[in-house]
Amino acid sequence: MNELACLVQRTADRLAGQHVGAVVAGLAGGAVEIHGAGRTGPGGGAPGPRTLFEIGSVTKVFTSLALARMVLDGSTALEEPVTALLPGGTALPVRGGREITLKDLATHTSGLPRLPRGVLVASLFTSRRSDPYAHCTAEHVLAGLGRTKLRSTPGRSFRYSNLGAGLLGLALAERAGVGYEELVRREVCVPLGLGDTVVTPGEEHSDRLARGHSAAARPVPYWDLADLGGMGALRSTAADLSILLRAQLAAGREPDGPRAPAVSLTREVRHRVNPFAWMHLGWLGHRLHSQQGGHLQIWHNGGTGGFRSFVAFDPEKQVGVVVLVNSGRSADSAGTALLRRLQNEFAAAV
């Protein structure tokens with residue numbers, strides 16, 4: 001087993017000891033290693049590269065990549081007001097005389113609250129393991145927007161918003177005339193060759209679905225997020241997410257490639273959060289202090305009732321990681337640690 005494979009397998013083994021199961025991918029110097037450990041669920045075997053996990057908010061990078069594709073084909077524009085894509089009569093809040101744009105939603109600068117109206121209250125009266133977004137139909141969400149107060153003027157301040165990301169997916173699907181799942185399939189999955197990234201798994205996925213578990217390792221129900229799929233409804237595999245990262249790493253080296261323009265656009269947009277961190281379209285970015293190596297990390301994580309995910313890469317060092325676990329405990333620290341090892345040990349191979 002080569003050094004990259006050993007690092008990836010050790011990370012998966014450690015995570016499996018803390019979670020129910022784990023699949024880890026490491027990308028370095030053009031090589032990809034994917035290894036799993038633990039179990040997919042009660043009575044299940046070890047997860048692997050093609051095991052499906054709920055990826056939660058990592059869905060947001062797919063939603064923003066769909067936005068970039070639609071901007072480049074002229075279907076919309078980053079500065080287009082969201083109301084122009086929604087059904088007639090939909091009222092969105094305005095602050096400082098400025099309307100919310102698609103770019104604002106993708107960079108979490110819309111001023112919208114983190115959660116849709118009623119989600120927090122509903123979660124207090126349902127099981128913590130249940131989907132708190134199950135009632136978030138398009139009608140419910142759009143009706144609540146008119147009564148929502150913005151926390152800041154659109155475009156000014158970073159305020160992470162699940163509601164905003166879900167609204168972005170809803171608006172893009174409306175403009176495309178398809179559902180969110182078909183939007184992602186058409187704009188992202190088909191161009192990249194992702195065969196296992198879906199909202200609703202089919203029969204071909206049934207024997208590859210991991211079962212979600214709480215932080216205490218008890219089985220919990222799957223989530224579907226109703227009509228706010230753009231914020232976190234996708235299921236995917238370590239194999240598919242590795243392909244997504246390879247496209248991200250290749251964009252800078254192959255600017256004339258067929259997928260590079262949309263991938264590059266997502267990273268050209270940058271809203272500064274603080275001196276060390278910023279927001280791209282869908283992706284978060286930060287650079288460590290020089291005393292910590294000054295490494296660049298572009299990343300997103302995700303979580304649902306029974307799953308956690310972490311996806312990160314460094315286009316300068318040409319390395320990346322994917323971590324998927326089927327429990328409600330965070331895997332961010334393990335993913336970050338693996339990325340640091342790859343940045344320090346494999347940069348010379350680029």
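Quick note: numbers below take in every heavy atom, side chains included, and nothing from hydrogens, waters or symmetry partners. On a predicted model such as this, the values are computed, not experimentally measured, just so you know.
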Would R211 count as a cation-pi partner of F307, with NZ or CZ less than 6.0 Å from the six-membered ring centre and within 45° of the ring normal?
->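 No cation-pi geometry.
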Can you list the steps and then say if W299 with F313 is a side chain to side chain contact (heavy atoms under 4.5 Å, CB included)?
-> CA-CA 6 Å; W299 66 285; F313 64 99; over 6 Å; no
Side-chain heavy-atom pair [X], [Y] within 4.5 angstrom cut-off:
{"X": "E99", "Y": "T83", "value": "yes"}
{"X": "L167", "Y": "L145", "value": "yes"}
{"X": "L228", "Y": "N162", "value": "no"}
{"X": "V323", "Y": "S309", "value": "no"}
{"X": "W283", "Y": "V311", "value": "yes"}
{"X": "T336", "Y": "F310", "value": "yes"}

Say whether L52 and V20 are linked into one hydrophobic cluster, either directly or through other cluster members, by side-chain heavy-atom distances under 4.5 angstrom.
->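 No; tracing contacts between hydrophobic side chains, which count when under 4.5 Å, never links both residues.
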Any donor-acceptor pair under 3.5 Å linking the side chain of [X] with the backbone of [Y]?
{"X": "T266", "Y": "V263", "answer": "yes"}
{"X": "S236", "Y": "D240", "answer": "no"}
{"X": "E181", "Y": "A233", "answer": "no"}

Within a 6.0 Å radius of atom [atom1] on [X], are there more than 12 heavy atoms belonging to other residues, nucleotides or ligands?
{"X": "R151", "atom1": "CZ", "value": "yes"}
{"X": "R246", "atom1": "CZ", "value": "no"}
{"X": "R156", "atom1": "CZ", "value": "no"}

Where do [X] and [Y] come nearest, in terms of heavy atoms and distance?
{"X": "A238", "Y": "I34", "value": "CB-CG2, 3.8 Å"}
{"X": "T107", "Y": "F158", "value": "O-CD1, 3.6 Å"}
{"X": "L183", "Y": "A173", "value": "CD2-N, 4.0 Å"}
{"X": "A37", "Y": "D13", "value": "CB-OD1, 3.4 Å"}

Between [Y] and [X], do the side chains contain a donor N or O and an acceptor N or O under 3.5 Å apart?
{"X": "H295", "Y": "Q297", "value": "no"}
{"X": "H213", "Y": "S327", "value": "no"}
{"X": "K60", "Y": "S57", "value": "yes"}
{"X": "D314", "Y": "Q318", "value": "no"}
{"X": "Y222", "Y": "T304", "value": "no"}
{"X": "T101", "Y": "E80", "value": "no"}
{"X": "N326", "Y": "E54", "value": "no"}
{"X": "K317", "Y": "N344", "value": "no"}

From [atom1] ([X]) to [atom2] ([Y]), nearest 0.5 Å:
{"X": "E268", "Y": "H280", "atom1": "CD", "atom2": "NE2", "answer": "10.5 Å"}
{"X": "Y180", "Y": "F62", "atom1": "OH", "atom2": "CZ", "answer": "8.0 Å"}
{"X": "E33", "Y": "S242", "atom1": "CD", "atom2": "OG", "answer": "10.5 Å"}
{"X": "Q9", "Y": "R14", "atom1": "CD", "atom2": "CZ", "answer": "10.5 Å"}
{"X": "H108", "Y": "S161", "atom1": "NE2", "atom2": "OG", "answer": "7.5 Å"}
{"X": "R175", "Y": "S75", "atom1": "CZ", "atom2": "OG", "answer": "7.5 Å"}

So which of [options] actually passes side-chain contact (heavy atoms from CB on, under 4.5 Å) with [X]?
{"X": "I100", "options": "L112, V94, T109", "value": "L112"}
{"X": "R185", "options": "V198, T197, V190, L194", "value": "V190"}
{"X": "Y133", "options": "D227, L163, L115", "value": "L115"}

Charged N to carboxylate O below 4.0 Å: is that the case for R340 and E345?
->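 Salt bridge between R340 and E345, a charged N being under 4.0 Å from a carboxylate O: no.
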Is the closest basic N to carboxylate O distance between R208 and D196 below 4.0 Å?
->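 Looking at R208 and D196, the cut-off is met.
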Please find out if less than 6.0 Å separates the ring center of H286 from that of F276.
->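 Distance test on ring centres: not under 6.0 Å, no.
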With sequence neighbours excluded, residues passing salt bridge (charged side-chain N to carboxylate O under 4.0 Å, His left out) with D224 =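 Once residues adjacent in sequence are excluded, D224 has no partner under the salt bridge (charged side-chain N to carboxylate O under 4.0 Å, His left out) criterion.
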